[in-house]
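Working notes for the structure below.
Each chain gets a letter, A, B and so on, in the order the sequences are listed, and its residues count up from 1.
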Amino acid sequence: MNLRGVKGMNDVLPGEIGRWQRLEAAFRSTVELHRYREVRTPLVEPTELFVRSIGEEADIVRKEMYSFDQHGDNLTLRPEGTAGAARAYVEHGVAAREPLTRWYYLGPMFRAERPQKGRYRQFWQAGCEVYGDPGPATDAEMIDMLVSFFRELGIASVTVHLNSLGGPDTRVRYGAALVAHLEPQKDALSDDSKRRLTTNPLRVLDSKDPRDVAACEGAPSILAVLDEADRAHFDALCRYLDRLGTPYLVDPRLVRGLDYYTRTLFEIRGSGGDLGAQNALGGGGRYDRMVRELGGPDVPSIGFALGLERLLLAMPPDAAPEPPCVAIAPMGDVATGEALLLARELRRLGVAADVDARGGSLKSMLRRANAIAARVAVVIGAGELTRGTVQIKDLAQHAQLDAPRAEAADTIARLLAAAEPTGSAPT
RNA sequence: GUGGGUGUAGCUCAGUUAGGUAGAGCACUGGAUUGUGGCUCCAGGUGUCGCGGGUUCAAAUCCCGUCACUCACCCCA
């Protein structure tokens, strides 16, 4: 086969869709209990939106965007969800109608990176945004919500990394201090980090290269250079988390690549399951200046995003019970017509029905009934047509009975209602 | 963009060291059972051995090139 899907963009086949649906339902349930409401924004936005919000220097903007020109517009497949949501928030004047807004979204994002385990070019994110609350209590509540959500999913071993970046001036001040610390050991740094020294020194803190890690030993902490208000915000956040009993790890080296963050910054890392090297299950932070920079009022905001593929890797395997269904096995054209009618009657009673109309042998139809985990099979052949009955087989009990055709649907529905839900689908 | 690993049946993989008729399990179809599933037994494969070239009497196996997938780096969900 010479036609393949695009690299890094994956199909989700029905065999694994159950896990996706359960994850999505759990997310919606959790955030809606926190009074978030869903927002759906386009997959395509003006390129300028991402350049302005994420920042020209960020890797996402520099080399990972799917951008194209169409009829004179410069467009981009969204690489993340926060920018589009903020754009919609501003465009519809939401701030003027309500002082406090909680939104969530769920959908695919696109980044033209080299794929690997847990990182794909089309990947799914679920995220939340709160507009109009300066924190820090809401920051704590959001982090606590995430930790609770992970626990609900059965993802046990997660660590909340927490940091504060202060305001824009803090970043500049700290960058200078960091360069002062690293410059003397410049020769010992990795090539990447030598370059970062001039472009974005904070990123050196994030490097996994042992040489860089060593060089960062003893580097000043960004928390030490926060101004008074930022420091008070961070301390209050920690106190709220303590009060909630939500464990966290203060990590002054947490940086993250999006340039729009201010003050609170967090990332949740996992370790179990099939997770590969990409162990950031989710991350977020405060972006108090974004709404204003997009032309809106001065509204503080905080948000996070979760990577659904990574959550699925980290989640324990589960076997979902298959809902009961009825397989109908007709023999011959007349019986097939009768089968279609009976199936419609069953579906009107809320019973899933599967008509095997391939015209194969009874044996093959019953084999299929077993394969699809049907609870009940119905045989309609020449004999049944003559007698005006159908043969109803309870596949688990190895029992069968003949029922008048007119009562068939009700009889089957009663049989199913009495039966224990059983069987499990291959995952 | 950089580095490693892997490409053999629909799927998971043996077979490559030492060149010699292309295999197993699962899945699928039929039969044993003329209209009765799961278990068992029997039968059923024309697979571009990723692709192209080279060496050789002979290449899945050796050599060169190329493509794809995958893991990791950078960075991020």
Which residues pass the ring pair (Phe, Tyr, Trp, His ring centres under 6.0 Å) test with [X], not counting sequence neighbours?
X: A/F27; value: A/Y104, A/F149
X: A/Y260; value: A/Y287
X: A/Y131; value: A/Y89, A/W103

- Item | Partners meeting side chain to side chain contact (heavy atoms under 4.5 Å, CB included) with A/V44 (sequence neighbours left out) | A/F68, A/L75, A/L77

- Message: My understanding is that only residues two or more places apart in sequence, or in another chain, count here; which of them pass salt bridge (Lys or Arg N to Asp or Glu O under 4.0 Å) with A/R387?
- Response: A/E384

Could you run down the sub-3.5 Å N/O contacts of the protein with nucleotides 29-34 of chain B?
none

Who are the side-chain hydrogen bond (donor to acceptor under 3.5 Å, both in side chains) partners of [X], not counting sequence neighbours?
X: A/H233; result: none
X: A/D139; result: A/T264, A/R286
X: A/N279; result: none

- Considering heavy-atom distances to RNA chain B, does A/L395 or A/G283 have its closest nucleotide positioned more toward the 5' end? A/L395

Would you mind classifying the nucleic acid contact of [X] as base, sugar-phosphate or nothing, using non-hydrogen atoms under 4.0 angstrom?
X: A/E113; result: base
X: A/A382; result: base
X: A/L281; result: sugar-phosphate
X: A/Q122; result: nothing

All N/O contacts under 3.5 Å from nucleotides 68-73 of chain B to the protein, with atom names and distances to one decimal?
from, atom 1, to, atom 2, distance (Å)
B/rC69, OP2, A/K7, NZ, 2.8
B/rC71, OP2, A/K117, N, 3.2
B/rA72, OP1, A/A277, N, 2.8
B/rA72, OP2, A/Q116, NE2, 3.3
B/rA72, OP2, A/K117, N, 3.2
B/rC73, OP1, A/K208, NZ, 3.2
B/rC73, OP2, A/Q116, NE2, 3.3
B/rC73, OP2, A/Q278, NE2, 3.2

Please tabulate the protein-to-nucleotide N/O contacts below 3.5 Å involving nucleotides 26-28 of chain B, giving atom names and distances.
none

- Query: Can we say A/R414 and A/D410 salt-bridge, meaning some charged N sits less than 4.0 Å from an Asp/Glu carboxylate O?
  - Reply: no

Distance-only check: which donor-acceptor pairs under 3.5 Å involve side-chain atoms of residues 159-167 of chain A, not counting sequence neighbours?
from, atom 1, to, atom 2, distance (Å)
A/H161, ND1, A/D251, OD2, 2.9
A/N163, ND2, A/P252, O, 3.2
A/N163, ND2, A/L254, O, 2.9
A/S164, OG, A/G166, N, 3.3

